[in-house]
Each structure stands twice: as C-alpha cells, then as structure tokens.
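Notes to accompany the following structure.
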Amino acid sequence: MNAIAQNSHSGLPGNLPVAVIGAGPVGLAAAVHLLARGLPVKLYESAAAPGAHVRAWGHVKLFSPWVYNIDRQAQALLEKTGWQAPLPLAYPTGAQLHDLYLKPLADTPELRAVIETDARVVAISRAGHDKMKSAGRETAPFVLAIRKGDGSQREDLARAVIDASGTWSQPSPIGSHGLRVPGEAAHGGRIAYGIPDILGRDIDIYADKRVLVIGAGHSAANVLLDLAQLAGRAPYTKIVWAVRGGSLKRLFGGGENDKLEARGALGRALENLVATGGLDLHMRSTVMRIDATGAGLAVTLQQPTGAGETIEVDRIIVATGQRPDLDMLRELRLDLDAATESPRALAPLIDPNVHSCGTVRPHGHRELAQPEAGFYLAGIKSYGRAPTFLMATGYEQVRSIAAALAGDMAAADDVQLDLPETGVCSSDLQEDGGCCESAVVGAGCTTVKETVPETGAKACCGTAKPRVKVTGTAMPAEGCC
C-alpha cells in the first residue's frame, strides 16, 4: 500500500484526501475548489495526461463560448501564473479548450502535485464494509482499487469521493432498445461512435462513401454538417440520416432566439441542409440489423407501423449519446433514477422525457449526494444518460460539493447557475418532444405551466421564456420553464 493507504481503516483521519476521479474540466475544477478550501486531494486520471476525453473530440467547436467553459476558481489559480484568459465570447474547439485552459491548469504546481495519470479506478468500496454491512459504515474510509497501465494494482483510502469520470468512453449502441443490434459487433470496423474527425484525420474514411448517421442530438448535427462540407469536396459522398422520432423541432432549436449563438446557428444550418435535400432522411426509423454485402453494409430499418426497408451504405456513424460506467460503483449504496441513471433528486430536472426547457434548476451537493455518505457523482456523469450537459453546470456542482465537504453549508447551499436560454420551450415541440397541447393545472402546481406530480403530465411552457439566472429556491417547481 502507498502512504495514503497506511492510515488506519478504523476512522476518517484528517489527512485522508478527497479522491476525485477523472481529470477533465469538472474533475480539475473539483480539485481546485477542494484545495482552495484547504482539503487534501488526490486526482486520478486513467489516461496518460489530463483532458483525454476533450482531446478525443478536439476537432469539434463548442457551441458555448469561453465564458461558460472556465471555472472561476480555476481562473483565479491560473492568473497567479500570469495566464491570460481567452476572449470570453469566442467559441473554442475541444483542442483549444485543452491547450489554452485544461493543460495550463493541470500544469500548475498545485494541481501537478495531486494528479496521478495512468491510474484507473476500477472499483470503490468502504474499508471493512461490503455493500451489505451497515454498522460503522459512515466512519469507514473509502477504498479505491487502482489499476496502473502496467497491470499492477493497489488500494488507496479516501475520506470522500467525487466521481467526475464522464461518459465519453461509454457510447450508447445502435439499438432503440439500448442493446447492440445483430451485426453491430461483427461489423464494428465500419462503425464509428460519437463525432469522428470527418474533415481531418478521418477524411479518407468517409470521402465519396455512403454514410449512415444515426441519432438526433447535437453530436449528430455536427456529424451531418461535417459530412455536408465533405460532400462539397468529394461529390460522391452520400449522407443518409436515420431518426427514431417523428420531429426534429428540438434539434433545429430556437434559431435566433437561442442565447448561445453557435447552438442556434447549428440548428439553423441543419434545418437548411434538410430543406435543400442535402441528405436522405428516414424519420421514425429504427435500425434492426446490419449485414454485409459485396460492396458495403445492408442496414435494415423498421418504422412503428412495421413497414421496413433495407439501405446500403459503406460506413455508419452512431451519435446516440453515452451512458455512465456504473460497474466500478457496485459496492456503493446508490440512489439513481431508474431511467436516466442520474441521482434521483436530479432526474426530474434533466429527464428529456419531461424536461424540455433550456435551463436546469440550480443544484448542488444535496441533489448529488447519495446514501453512501461522502460519495458524489459530478459533471456529465451526474446526468447519467440525459443529454444537454453544459460545463458551467458541472463547475457549480463541484463548488457546492467542495463547500459541503469543508463544512461550509451556507456556501454549499447557496447554489447559483447562470445558463443561456435555448429559445425552445416545450410548447414549441411536437408530440415526440413531449409537449401537451395546453397548460396543465392541478394539485401540486404552483404556477400554470408545470408538470402535475400526481399525473406525471408533461410540462408546457406556453409563452413563458426559460429563466436565465435562478438562485437556490427561487426556481419554481420541477417541470416549469
């Protein structure tokens, strides 16, 4: 065992660190806030260097400007080194986010001293306590099983754990049932997940090919627009888009009403691509199986009516989101929503089946806390399978958590969130967007436009605009815009 693990397993000595898992934007911010509170920290990163997930999508331009992507406490730490912040309203790529912010932050003496790379956390438990044992559980330190790149393993102890390991490495499969479809694994060499570098590193893979894109989120929009640019250079490139739902209104977004200009422009550009016939669109279509043909792949699509068709393509890009890796948490007592796999208290605020407003109610340590005292999910992993996470949300999460761990409950509970409006409210959405036709009013409603708890009716916002800045309890009940 290392020096940390030599501490007694019988209590929580003050020198035990708070373990932070994942050296991405939110994990690094968590370490900064903890250090600012005078708490010892150990930050574990499974890759060879911090920011690995961000580097993986380095070619992608964010639709949120720098002002939403830099944690304030981290900025204060960086400015002590002479670092200058990028222009606040400029839009960085993932590579710029890494090179101009994450790498300098990780290289500060304060963080360099607490980061361990090439260290994967494979399991977490409580010292002397499996999941079933309760007596003395809350005073037992956490045990983290660490696996190094050379295969060696060890155990470290921690007083608390913040899991900010993200979801990028856990892409969702093709099947609408959440499983791989027949042929998906067998033909994996022709299938990419997420946002490949279509105009750069991967250009030869997709140029003059028939490419099927599956998904209806912002990742799919980026992929489709990149393919459209590629088609301008390689005219034999054919774009096929399969969408499970019957409406694209949510993805097209609020256009000029979106307070994130780049996000609104993304939706407008995609809407124009569809309107001008720049792709072959298959609505309400689910992939059922994939088979090899002499020239490529035969993809069988099926519609809700049972009607089916087979299309032939050369490549498939799956942009159906990600899901959290929960395997390493099996020995911890968690309370997660059955659908989103996010903390139960957070789920009603982010569940796309219910929540269709552009903003999320401020939330912090209380919503993220688990029955396993001292354990928190943070960052995009806290959203589970839900989409539309913004880094600013994660920064406020870990600020609140760090304050709570330091015992400053007033600061921990003073949760604020400043997010831009999307320009899309649930009354603008079609059936597949989860909107009712008129406002729902009933027992449990505090305003006209919110979900009725007793019925589970979907929220409708009417003419109300999503709130931009809300503080603590100032936000109306769940489901409101």
Side-chain angles (χ1 to χ4, degrees), residues 57-69 89-97 192-203 206-283 285 315-321 352 356 358 387-390 419-425 428-430 432-433 466:
W57 48 267
H59 57 286
V60 179
K61 178 173 284 190
L62 280 73
F63 53 62
S64 55
W66 277 108
V67 67
Y68 291 107
N69 297 317
L89 298 183
Y91 293 85
T93 62
Q96 290 169 332
L97 180 68
Y193 298 83
I195 310 176
D197 191 0
I198 292 168
L199 299 175
R201 181 188 61 244
D202 302 324
I203 189 168
Y206 298 103
D208 293 322
K209 300 294 193 302
R210 300 165 296 176
V211 185
L212 169 64
V213 179
I214 304 168
H218 291 112
S219 293
N222 274 292
V223 169
L224 291 162
L225 293 173
D226 282 352
L227 285 170
Q229 285 192 54
L230 179 60
R233 309 178 195 174
Y236 293 105
T237 304
K238 181 180 180 182
I239 310 169
V240 186
W241 186 16
V243 178
R244 297 169 186 166
S247 171
L248 297 173
K249 184 69 176 180
R250 186 193 299 270
L251 182 54
F252 291 161
E256 295 180 357
N257 292 324
D258 195 322
K259 299 307 180 185
L260 283 180
E261 181 181 346
R263 183 172 58 191
L266 183 74
R268 291 196 304 273
L270 182 60
E271 186 172 14
N272 182 66
L273 180 64
V274 172
T276 57
L279 51 77
D280 179 14
L281 176 61
H282 297 258
M283 298 291 295
S285 295
R315 294 279 176 173
I316 300 174
I317 299 175
V318 186
T320 54
S356 55
T388 64
F389 175 82
L390 292 176
L419 294 179
E421 302 175 15
T422 63
V424 178
C425 214
D428 296 326
L429 301 176
Q430 302 298 320
D432 285 1

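Side chains are part of it too, since the values below use all heavy atoms of this structure and drop only hydrogens, waters and symmetry mates.
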**Asked** If you round to the nearest 0.5 Å, how far is CG of Asp197 from OH of Tyr206?
**Response** 10.0 Å
**Message:** Tell me whether Gln96 contacts the main-chain N or O of Thr93 through its side chain, where contact means a donor paired with an acceptor under 3.5 Å.
**Reply:** yes
**Prompt:** Out of curiosity, Glu271 CD to Leu248 CG, how far, rounded to the nearest 0.5 Å?
**Reply:** 9.0 Å
**Request:** Find the distance between CH2 (Trp57) and CG (Leu97) and round it off to the nearest 0.5 Å.
**Result:** 5.5 Å
**Message:** For a quick test of reading the model, state the closest non-hydrogen atom pair linking Ala220 to Gly215 and the distance between them.
**Reply:** CB-O, 3.4 Å
**Non-hydrogen atoms of Asn69 and Pro92 that approach each other most closely** = ND2-CG, 4.0 Å
**Prompt:** What are the two closest non-hydrogen atoms of Leu270 and Trp241, and how far apart are they?
**Reply:** CD2-CH2, 3.8 Å
**Prompt:** Under the 3.5 angstrom rule, does the side chain of His59 hit a backbone N or O of Pro196 as a donor-acceptor pair?
**Reply:** yes
**Distance-minimising heavy-atom pair for Tyr91 and Phe63** = CE2-O, 3.3 Å
**Asked** Which value, rounded to the nearest 0.5 Å, describes the distance between Leu224 atom CG and Ile239 atom CD1?
**Response** 6.5 Å
**Request:** Carefully, step by step, assess Asp280 and His282 under the rule side chain to side chain contact (heavy atoms under 4.5 Å, CB included).
**Result:** CA-CA 7 Å; Asp280 179 14; His282 297 258; 3.1 Å; yes
**Asked** Quick one: CG on Leu62 to NE2 on His218, what's the gap to the nearest 0.5 Å?
**Response** 12.0 Å
**Gap between atom CG of Leu227 and atom NZ of Lys238 - 0.5 Å precision** = 13.5 Å
**Request:** Taking Thr237 for its side chain and Asp208 for its backbone only, find out whether a donor-acceptor pair lies under 3.5 Å.
**Result:** yes
**Complete:** Between Arg233 and Pro235, the two heavy atoms sitting closest are O-CD, 3.4 Å
